[in-house]
Number of protein chains: 2
Amino acid sequence: MSEQEPTPPPEALGRRGRGRPRATRRRDQILDAALAEFAESGFQGASLAAVARRVGLSQQGLLHHFPGKEALLIAVLARRDEVDVRELDGLGETAALTGLAERNTRRPEVVRLHTLLTAEGLTGDHPASAYVRDRYARVRDRLAHTLRAEHGDRLPSGATPDQAAALLTAAMDGLQLQWLYDPDSVDMPDLVGLLTDVLRGAPPDPAPH
Amino acid sequence: MSEQEPTPPPEALGRRGRGRPRATRRRDQILDAALAEFAESGFQGASLAAVARRVGLSQQGLLHHFPGKEALLIAVLARRDEVDVRELDGLGETAALTGLAERNTRRPEVVRLHTLLTAEGLTGDHPASAYVRDRYARVRDRLAHTLRAEHGDRLPSGATPDQAAALLTAAMDGLQLQWLYDPDSVDMPDLVGLLTDVLRGAPPDPAPH
DNA sequence: TGTTTTGCCGAATGACCGGTAGGTAAATTC
DNA sequence: GAATTTACCTACCGGTCATTCGGCAAAACA
């Protein structure tokens, strides 16, 4: 009469007894496929069948590994979080923002996933709402903290660290949107670098940005 | 055997002959309801039944006025375009951006609609894709043109008009996202004003923004 | 009054969706 | 080889969706 979880918690990945071992590789494949599918169609627009097809599985075979669509998304986000947190910690200097923008240029799917989920999270009781809200708080906090460490309570441009953090975060999101619509016409690292320079009150650079 | 359009083109709104007059008022009610519904749930997430319910109509009664869901969205966007174009023309001066941000604060549904559709438009063959793409082009062009008229080919901050236009557009979009998630923590007009000042190379303002 | 045009609905259709139940095969331990 | 645990499938279900068809009532004109 003990409570049995249909899908054991991820932390219990290793051997558990005498039965068949868990297909951790398949699990990762599924998460990859789910990320790709969610990034392409959004959460609402994606279907479990489409994710299953990507890994050569039936829809029900997929549901054996994850109890439902929502759990699948959460698992995808949880796995992304490991990388994301490390990236956020890398923002010890404002200059690192340019590097982040540049790296994002090389992985459009991740950018698409975040952009789509951020918008979808606005609709009532979306599974990603809390995730996005929390993410915004962390990013802005981290950024404001870094700016304050570099410039004190007011940047040379006159902006407070909080204001600059909100503006930089907004610019990143907005530029990603424009970039996704037309990658060739938007140079994200360049523009992010320009904005940080301007916010830090750097003198005009005669060399064309 | 002449080709009959199930729903006559909008330009033929007035009387057309001897029959019953067109219900132009209902049409507007439907467009209002559709805007509200799309703004709340997005295009994919919205259902025709929900829109119909808002105007006290059956789903089939609604489809009598518009041939389909996609046509409904297009009609909503077409009606919004009249206002939008006027707003864009109002951007003869950069200072007007702050006013636009302030006005947007008073109509969250419109902001939501644009934000949601902009993200959804990234999804393959979404009916709003072309609309969003075109809108980006217009907004940035208009903004760059204004900036160039005010400052020539390079702003005092060192940014080119095109760069500044992309950054301002991005900041608007990104700030709207943050504002929709947490209206109290984001002062859109203030931040937009700050960014325009900084981009124009204004000296630091000792008064807190 | 008759004709025409429109407004609106009831019923039905077919596609797709996420999710459940039950069964079989595979892989591992003892 | 028996026991056990997992992997995966077929079949099925209830729900929602957009869309179509056919009909009836209302409102205008002749």
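Just so you know, these numbers come straight off a predicted model, no measurement behind them. In what follows, every chain begins at residue 1, and chains take the letters A, B, ... in the order their sequences are listed.
In this structure, A:R26 places its CZ atom 18 Å from C1' of D:dT5, rounding to the nearest Å. Whole-Å rounding puts the B:E70 CD to D:dC17 P distance at 18 Å. In this entry the distance linking CG of B:L48 with P of D:dT20 reads 11 Å, nearest Å. Residue B:R20 contributes atom CZ, which lies 19 Å from atom C1' of D:dA30 at whole-angstrom precision. What separates CZ of B:F66 from C1' of D:dA18 is a distance of 16 Å, to the nearest Å. Between B:F38 atom CZ and D:dA18 atom P the separation is 9 Å, expressed in whole Å. Between B:Q44 atom CD and D:dT16 atom P the separation is 19 Å, expressed in whole Å. Summarising the geometry, the separation between CZ on B:R53 and P on D:dT16 is reported as 10 Å, rounded to the nearest angstrom.
Here the nucleotide nearest the side chain of A:K69, chosen from C:dG18, D:dT19, C:dA21, is C:dG18. Closest contact between the side chain of B:Q59 and the listed nucleotides C:dG18, D:dA18, D:dC9 involves D:dA18. Here the side chain of A:S58 is nearest to one of C:dC8, C:dG19, D:dC9, namely D:dC9. The A:L63 side chain lies nearest to C:dT20 when the options are C:dG18, D:dT20, C:dT20. Distances from the side chain of B:Q60 to the nucleotides C:dG18, D:dA7, D:dT20 place D:dT20 closest.
Side chains of A:Y136 and A:D173: a donor-acceptor N/O pair is present below 3.5 angstrom, by distance only.
Taking side-chain N and O atoms only, A:H64 has a distance below 4.0 Å to OP1 or OP2 of D:dA7. In this model, the phosphate group of C:dT6 is approached by a side-chain N or O of B:R22 to a distance below 4.0 Å at OP1 or OP2. Residue B:H65 has a polar side-chain atom (N or O) positioned under 4.0 Å from OP1 or OP2 of C:dC8. The side chain of B:R18 places no N or O atom within less than 4.0 Å of a non-bridging phosphate oxygen (OP1 or OP2) of C:dG2.
Using a 4.0 Å heavy-atom distance criterion, B:A46 is classed as a sugar-phosphate-only contact. Within 4.0 Å (heavy atoms only), B:L62 reaches no atom of the nucleic acid at all.
Considering only heavy atoms from C-beta on, A:R27 comes within 4.5 Å of A:F66 through its side chain. Looking only at side-chain heavy atoms (C-beta outward), B:E120 and A:E120 stay at 4.5 Å or farther from each other.
Residues A:A49 and B:G56 each lie close to DNA chain C; by heavy-atom proximity, the contact nearer the 5' end of the strand is made by B:G56.
Scanning all heavy atoms of the two residues, the minimum distance from B:G92 to B:T146 falls at O-CG2, 3.1 Å.
Remark: the backbone N or O of B:D89 is paired with a side-chain donor or acceptor of B:R142 at under 3.5 angstrom.
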